[in-house]
Amino acid sequence: EAVEKENVTMSELSLLAEGGVPGDCDCLLILLPQSDLAAEELTLVQEYLKNGGNLLLITDPQETAGSRPNLDALMADYGVSESEGIVVEGSSSYYAFQTPYYLLPDLMSHSITSPLMSDGYYILMPIAHGLTVADELPETVEVSTLLQTSDGAFSKVDGYSLSTYEKEDGDINGPFKLGVAVTDTI
């Protein structure tokens with residue numbers, strides 16, 4: 001059933017039942033997937049994107065930790081991958097509530113973030129994983145950073161078994177991208 005709110009109409013979609021993304025879909029939203037895409041779903045999403053479709057993918061390390069080869073392959077098509085663990089900030093001006101994993105990342109200049117920046121908004125990201133952008137991207141792909149940590153951030157590879165907020169051996173050095181925009185020229 002479709003829900004309309006603030007000029008946006010949203011409805012749940014079963015790609016397999018529909019046989020693909022409907023032609024009137026302006027943006028496909030994959031919100032906090034709790035399991036991997038099926039191989040057939042991956043193919044349908046890739047076809048939608050190759051035909052000029054838009055995707056908003058929001059993941060949560062708590063819900064999506066583990067093996068997700070198809071979702072990882074979708075991101076890899078555009079040169080993006082997730083860093084292991086959860087990001088902890090080393091700089092107190094980049095986190096909230098005295099909790100170093102309640103992140104207050106920098107908003108980077110982009111058409112998506114400019115309304116937030118001009119109105120003085122901050123983004124609060126409780127529990128996030130970092131994103132890595134490949135050094136070599138496909139020729140038609142451009143990746144822009146939207147949200148970024150400080151240089152003092154690091155990723156705790158032991159994730160949710162946080163025994164300390166201090167950096168330990170094996171933790172991954174930042175800074176980290178926490179949000180990116182990918183443009184593929186078709």
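If you're wondering where the values come from, they're calculated on a predicted model, not measured in any experiment.
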**Q.** Where Val143 and Val141 come nearest, the two heavy atoms and their spacing
**A.** CG2-CG1, 4.0 Å

Q | NZ/NE/NH1/NH2 to OD/OE distance under 4.0 Å, Glu82 and Arg68 | A | yes

Q | Distance (rounded to the nearest 0.5 Å) between His110 NE2 and Leu147 CG | A | 11.0 Å

Q) Is there a side-chain contact between Leu178 and Thr149, using heavy atoms and a 4.5 Å cut-off? A) yes

Q: For the residue pair Val180 and Tyr78, establish whether any side-chain heavy-atom pair is separated by less than 4.5 Å.
A: no

**Q.** Met75 with Val21, same ILVMFWY side-chain cluster at under 4.5 Å
**A.** yes

**Q.** Closest non-hydrogen atom pair, Met125 against Ala128
**A.** CE-CB, 4.2 Å

(Q) Please check: side-chain N/O of Ser14 versus main-chain N/O of Ala17, any donor-acceptor pairing under 3.5 Å? (A) yes

Q) Are Lys167 and Asp171 close enough for a salt bridge, meaning some N to O gap below 4.0 Å? A) no

Q: Find out whether Ile30 and Leu55 are in side-chain contact, i.e. whether some heavy atom of one side chain is under 4.5 Å from a heavy atom of the other.
A: yes

(Q) Do His129 and Thr59 have side chains that approach each other closer than 4.5 Å (heavy atoms only, starting at C-beta)? (A) yes

**Q.** Minimum-distance pair of heavy atoms, taken over all atoms of Ile186 and Gly52
**A.** CD1-N, 3.3 Å

Q. Is a donor on one side and an acceptor on the other found under 3.5 Å between the side chain of Ser93 and the backbone of Ser91?
A. no

Q. Between Asn70 (side chain) and Leu37 (backbone), is there a donor-acceptor pair under 3.5 Å?
A. yes

Q.
Quick check on the hydrophobic clustering: are Phe154 and Tyr94 connected, directly or via other members, by side-chain heavy-atom contacts under 4.5 Å?
A. no

(Q) Apply side chain to side chain contact (heavy atoms under 4.5 Å, CB included) to residues Leu116 and Ile123 and explain how you reach the verdict. (A) CA-CA 9 Å; Leu116 299 170; Ile123 301 293; 4.0 Å; yes

Q. What is the minimum heavy-atom distance between Val87 and Gly130, and which atoms define it?
A. CG2-N, 3.4 Å

Q: Output yes when a side-chain donor or acceptor of Thr43 lies under 3.5 Å from a complementary backbone atom of Ala39, and no otherwise.
A: yes

**Q.** Spacing of CZ belonging to Phe97 relative to OH belonging to Tyr102, to within rounding of 0.5 Å
**A.** 7.5 Å

(Q) If I take atom CD from residue Glu139 and atom OG1 from residue Thr185, how far apart are they, to the nearest 0.5 angstrom? (A) 10.0 Å

Q.
Does any part of the side chain of Leu57, heavy atoms only, come nearer than 4.5 Å to the side chain of Leu71, both counted from C-beta?
A. yes

Q. Where do Pro115 and Ser118 come nearest, in terms of heavy atoms and distance?
A. O-OG, 3.2 Å

Q. If we ignore angles and hydrogens, is there a donor and acceptor under 3.5 Å between the side chains of Tyr48 and Asn54?
A. no

(Q) Are Asp151 and Asn173 packed together at the side-chain level, in the sense that at least one heavy-atom pair is separated by less than 4.5 angstrom? (A) no

Q.
Surrounding CD of Glu168 (heavy atoms of other residues, nucleotides or ligands, distance under 6.0 Å), is the total greater than 12?
A. yes

Q. Honestly curious: do Val182 and Leu42 fall in one hydrophobic cluster under the side-chain, below-4.5 Å linking rule?
A. yes

Q. For the atom pair CG (Leu104) and OH (Tyr122), what is the distance rounded to the nearest 0.5 Å?
A. 8.5 Å

Q: State, to 0.1 Å, how close Gly53 and Leu49 come at their nearest heavy-atom pair, and which atoms those are.
A: O-CD2, 3.5 Å

(Q) I'd like to know whether Glu84 forms a side-chain hydrogen bond (donor to acceptor under 3.5 Å, both in side chains) with Ser155, so could you lay out the CA-CA distance, the side-chain angles of the two residues, the decisive distance to 0.1 Å, and finally the verdict. (A) CA-CA 7 Å; Glu84 183 181 358; Ser155 188; over 6 Å; no

Q. Is the side chain of Glu89 donor-acceptor paired with the backbone N or O of Ser150 at a distance under 3.5 Å, no angle test?
A. yes

Q: Is it possible for you to say whether Ile86 and Tyr95 belong to one hydrophobic cluster, with membership spreading through side-chain heavy-atom contacts below 4.5 Å?
A: no

**Q.** Leu124 and Leu103, any side-chain heavy atoms less than 4.5 Å apart
**A.** no

Q.
Are Leu74 and Leu13 connected into the same hydrophobic cluster when the rule is that any two of I, L, V, M, F, W, Y join if their side-chain heavy atoms are below 4.5 Å apart?
A. yes

Q) What is the distance from atom OH of Tyr121 to atom CG of Leu107, rounded to the nearest 0.5 Å? A) 12.0 Å

Q) Is there side-chain contact between Leu44 and Leu16, with at least one heavy-atom pair below 4.5 Å? A) yes

Q: Please assess Leu137 against Glu142 for the test side chain to side chain contact (heavy atoms under 4.5 Å, CB included), listing each intermediate value before the final yes or no.
A: CA-CA 7 Å; Leu137 297 172; Glu142 178 184 328; 6.0 Å; no

Q: Inspect the surroundings of CG in Asp119 and state if more than 12 heavy atoms from other residues, nucleotides or ligands are less than 6.0 Å away.
A: yes

Q) What is the distance from atom CD of Glu18 to atom SG of Cys25, rounded to the nearest 0.5 Å? A) 10.5 Å

Q.
Checking Asp77 against Gln46 for the side-chain hydrogen bond (donor to acceptor under 3.5 Å, both in side chains) test, could you report, in this order, the C-alpha distance in whole Å, the side-chain angles of both residues, the deciding distance, and whether it holds?
A. CA-CA 9 Å; Asp77 287 346; Gln46 288 170 324; 2.7 Å; yes

